Colleague: 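Here you go, one structure.
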Amino acid sequence: MSGASLVLGGARSGKSAFAEKLARDSGLRKIYLATSPRIDTETEERIALHLQTRGRDWQTVEEQLDLSSALEDMAAADSIILVDCLTLWLNNLVFHERDLPAEIDCLYATAGALQGRVIFVSNEIGMGLVPADALSRSFRDAQGRLNQRMAEVCDKVIFVAAGLPLQLKPSSYMDQLS
Amino acid sequence: MSGASLVLGGARSGKSAFAEKLARDSGLRKIYLATSPRIDTETEERIALHLQTRGRDWQTVEEQLDLSSALEDMAAADSIILVDCLTLWLNNLVFHERDLPAEIDCLYATAGALQGRVIFVSNEIGMGLVPADALSRSFRDAQGRLNQRMAEVCDKVIFVAAGLPLQLKPSSYMDQLS
Amino acid sequence: MSGASLVLGGARSGKSAFAEKLARDSGLRKIYLATSPRIDTETEERIALHLQTRGRDWQTVEEQLDLSSALEDMAAADSIILVDCLTLWLNNLVFHERDLPAEIDCLYATAGALQGRVIFVSNEIGMGLVPADALSRSFRDAQGRLNQRMAEVCDKVIFVAAGLPLQLKPSSYMDQLS
């Protein structure tokens, strides 16, 4: 029982809104951990809009790279942290040439040992055609591996499509093969 | 209880065939509302083939843009309308520079108030890599928002993969977080 | 009851690892049928690594094109064959200009009549944006049709995301429309 949840979904699938609902329903003190880089005015405006939509009862923290430290600093028994999202975090790591496997291992370890609740939001990006360029393939692969690792350490994994949840973990799958 | 259903799926996922089966199983009078534009000979031929495959017990109507009016005109207690598909409709709206949020709001309202059954078929296009061009990103975002809105107003949402259905709504998801 | 299973998933979804687990859990003699072409050193190295990871209790066979014959030759009541994967096989067929519908029909027939267990691994590639080039669209369509046909003939179809299984067949879907 790690206290960590993973909300997976495609672009504009309603995954963030669903994760926010999970956080609100917990009744705990809510912390929003934004990983989006402030790269241009468009991003700035979107961040401001999101902030307004969530409301004043959320504490917002920004961390583009050192997610594990940020989580360890903020985690507490009476709070729930919403990390939105792991795809932007991965993108930041690639941009700053960090060691991806090491960073993913570190987040995996942190998520498993965290005192308090955390919800990770992440993108599913591997269900389209194979990208033509090597960089895109490599990012898609890293995202897939990250999602698998986080799904392993989280108690709860939800897949969201059109705003609606499908529970992946705990699994309802029954092996009837053997 | 709106009497509206949404069948979501990727390209060549078998979503249309599944939606046609739902319509046939209803035992109601079947109306096929095609949104595909007749842009070239290839499209014409595909439309003719689809028409033949469905059989003579379907009434076929074409409407590329004003979906809400067409639905209101045709809806009746003894019939079921299959709208195939919302992705082509959205594409037509973009091509004709219609106001997307207003059009989506209008369809949402129509679907919620319709007298009679309707099945909407729509594509899931947000589970691949982030598209490089802004126009593709914008279309993907509009499709995602449209799917979320329609999922909200429909009583029943089915995700189809490899011709097989996964029920998204009514949801079997149980919130065990809190 | 065909004894055939299909494991579907996106890139880096953990589908192969899940299929290997299914094979190990069966307690049967394990045969790995690799469809990957040996096109360059990178591929050679990946094949060698996969071989090592699976362990010595797997028999490994390579077949890039004539999958049906290979399956018929190797199938036996005491063994389970893991075909990894149908997407690379389809890619090989396209490269060698084989007749895709005929090849898919042949595999469908073989899977339905096979004496012994087989697990097919295949990619979901139709949930991203519509590809701009006709060749990519055509491959995506062929993959979609192949997945639908194989899902029809298999007793069991599992969708894998982030390493976690969702059972598509036998279906838990209940038609509550009519």
Side-chain angles (χ1 to χ4, degrees), chain A residues 1 3-5 7-19 21-28 42 80 87-88 91 117-119 123-133 135-141 143-144 154-156 158-170 172, chain B residues 5-13 15 86 90 100 104 108 120-132 134 136-162 165-178:
Chain A
M1 172 73 190
S5 300
V7 177
L8 267 179
R12 302 287 159 182
S13 61
K15 58 191 185 306
S16 294
F18 184 80
K21 188 188 176 303
L22 282 186
R24 281 195 306 273
D25 290 352
S26 74
L28 298 166
E42 192 190 324
I80 187 159
T87 303
L88 288 172
N91 209 54
R117 298 266 178 81
V118 59
I119 303 171
N123 276 69
E124 173 56 59
I125 63 172
M127 297 187 188
L129 271 170
V130 177
D133 62 303
L135 196 69
S136 294
R137 279 199 302 277
S138 151
F139 186 79
R140 180 202 63 177
D141 290 354
Q143 174 73 78
C154 287
D155 291 325
K156 196 182 180 79
I158 309 291
F159 193 89
V160 176
L164 298 167
L166 270 173
Q167 183 168 309
L168 283 169
K169 188 179 179 180
S172 63
Chain B
S5 301
L6 176 65
V7 178
L8 265 179
R12 302 287 160 183
S13 61
K15 58 192 183 305
L86 293 183
L90 192 66
L100 298 190
I104 292 173
Y108 176 94
F120 296 100
V121 174
S122 193
N123 277 69
E124 173 55 59
I125 63 172
M127 296 188 189
L129 271 170
V130 177
S136 295
R137 279 199 303 276
S138 151
F139 186 80
R140 179 203 62 177
D141 289 354
Q143 174 74 78
R145 282 193 212 97
L146 170 60
N147 288 347
Q148 285 187 54
R149 292 299 303 283
M150 297 312 289
E152 200 185 307
V153 80
C154 287
D155 291 326
K156 197 182 179 80
V157 183
I158 308 291
F159 192 90
V160 176
L166 270 173
Q167 184 169 309
L168 283 169
K169 189 178 178 181
S171 178
S172 63
Y173 170 76
M174 304 285 172
D175 188 358
Q176 297 143 336
L177 190 85
S178 51

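What you are looking at is a predicted structure, and each value in this text was computed from that prediction instead of being measured. So you know, we letter chains A, B, ... as the sequences are listed, proteins then strands, and number each from 1.
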Colleague: What pairs with A:Phe139 under ring pair (Phe, Tyr, Trp, His ring centres under 6.0 Å), at least two apart in sequence or on another chain?
Modeller: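 If we apply the ring pair (Phe, Tyr, Trp, His ring centres under 6.0 Å) test to A:Phe139, skipping adjacent residues, there are no hits.
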Colleague: Looking at B:Lys15 and B:Ile158, would you say the former's side chain and the latter's main chain have a donor-acceptor pair under 3.5 Å?
Modeller: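 Here the side-chain-to-backbone pair does not exist.
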Colleague: Quick check on B:Leu166 against chain A: is it the side chain, the backbone, both or neither that has a heavy atom closer than 4.5 Å?
Modeller: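 Just its side chain gets close to chain A.
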Colleague: Do the side chain of A:Gln167 and the main chain of A:Ser172 share a donor and acceptor less than 3.5 angstrom apart?
Modeller: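 No: the side chain of A:Gln167 does not pair with the backbone of A:Ser172.
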Colleague: Contact part of A:Ser136 toward chain B, heavy-atom cut-off under 4.5 Å: side chain, backbone, both or neither?
Modeller: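 Answer is both: backbone and side chain atoms of A:Ser136 are under 4.5 Å from chain B.
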Colleague: Under 4.5 Å from any heavy atom of chain A, what part of B:Leu129 do you find: side chain, backbone, both or neither?
Modeller: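 When you check distances to chain A, atoms from both the backbone and side chain of B:Leu129 fall under 4.5 Å.
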Colleague: Hey, which of A:Ala11, A:Pro131, A:Gly128 has the most heavy atom pairs under 4.5 Å with chain B?
Modeller: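 Going by pairs under 4.5 Å, I would pick A:Ala11.
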Colleague: Just checking A:Phe159 against B:Phe159, ring centres under 6.0 Å apart?
Modeller: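 Ring centroids of A:Phe159 and B:Phe159 are no less than 6.0 Å from each other.
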Colleague: Does any heavy atom of chain B fall under 4.5 Å from the side chain of A:Leu28, the backbone, both, or neither of them?
Modeller: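 Nothing of A:Leu28, per the 4.5 Å heavy-atom cut-off to chain B.
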Colleague: At a heavy-atom distance under 4.5 Å, which candidate from B:Ile125, B:Leu8, B:Asp141, B:Val130 has the highest pair count against chain A?
Modeller: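 The option with the most such pairs is B:Asp141.
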Colleague: For the backbone of B:Ser5 and the side chain of B:Asp155, can you confirm whether one donor and one acceptor N or O come within less than 3.5 Å of each other?
Modeller: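 Between the backbone of B:Ser5 and the side chain of B:Asp155 there is no qualifying donor-acceptor contact (under 3.5 Å).
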Colleague: B:Gly144, B:Gly126, B:Gly10, B:Ala151: which one forms the most heavy-atom pairs within less than 4.5 Å of chain A?
Modeller: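 Among the listed options, the one with the most contacts to chain A is B:Gly126.
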Colleague: Apply the test salt bridge (charged side-chain N to carboxylate O under 4.0 Å, His left out) to residues A:Asp25 and A:Lys21: give CA-CA distance (whole Å), side-chain angles for both, the deciding distance (0.1 Å), then the verdict.
Modeller: CA-CA 6 Å; A:Asp25 290 352; A:Lys21 188 188 176 303; 2.6 Å; yes
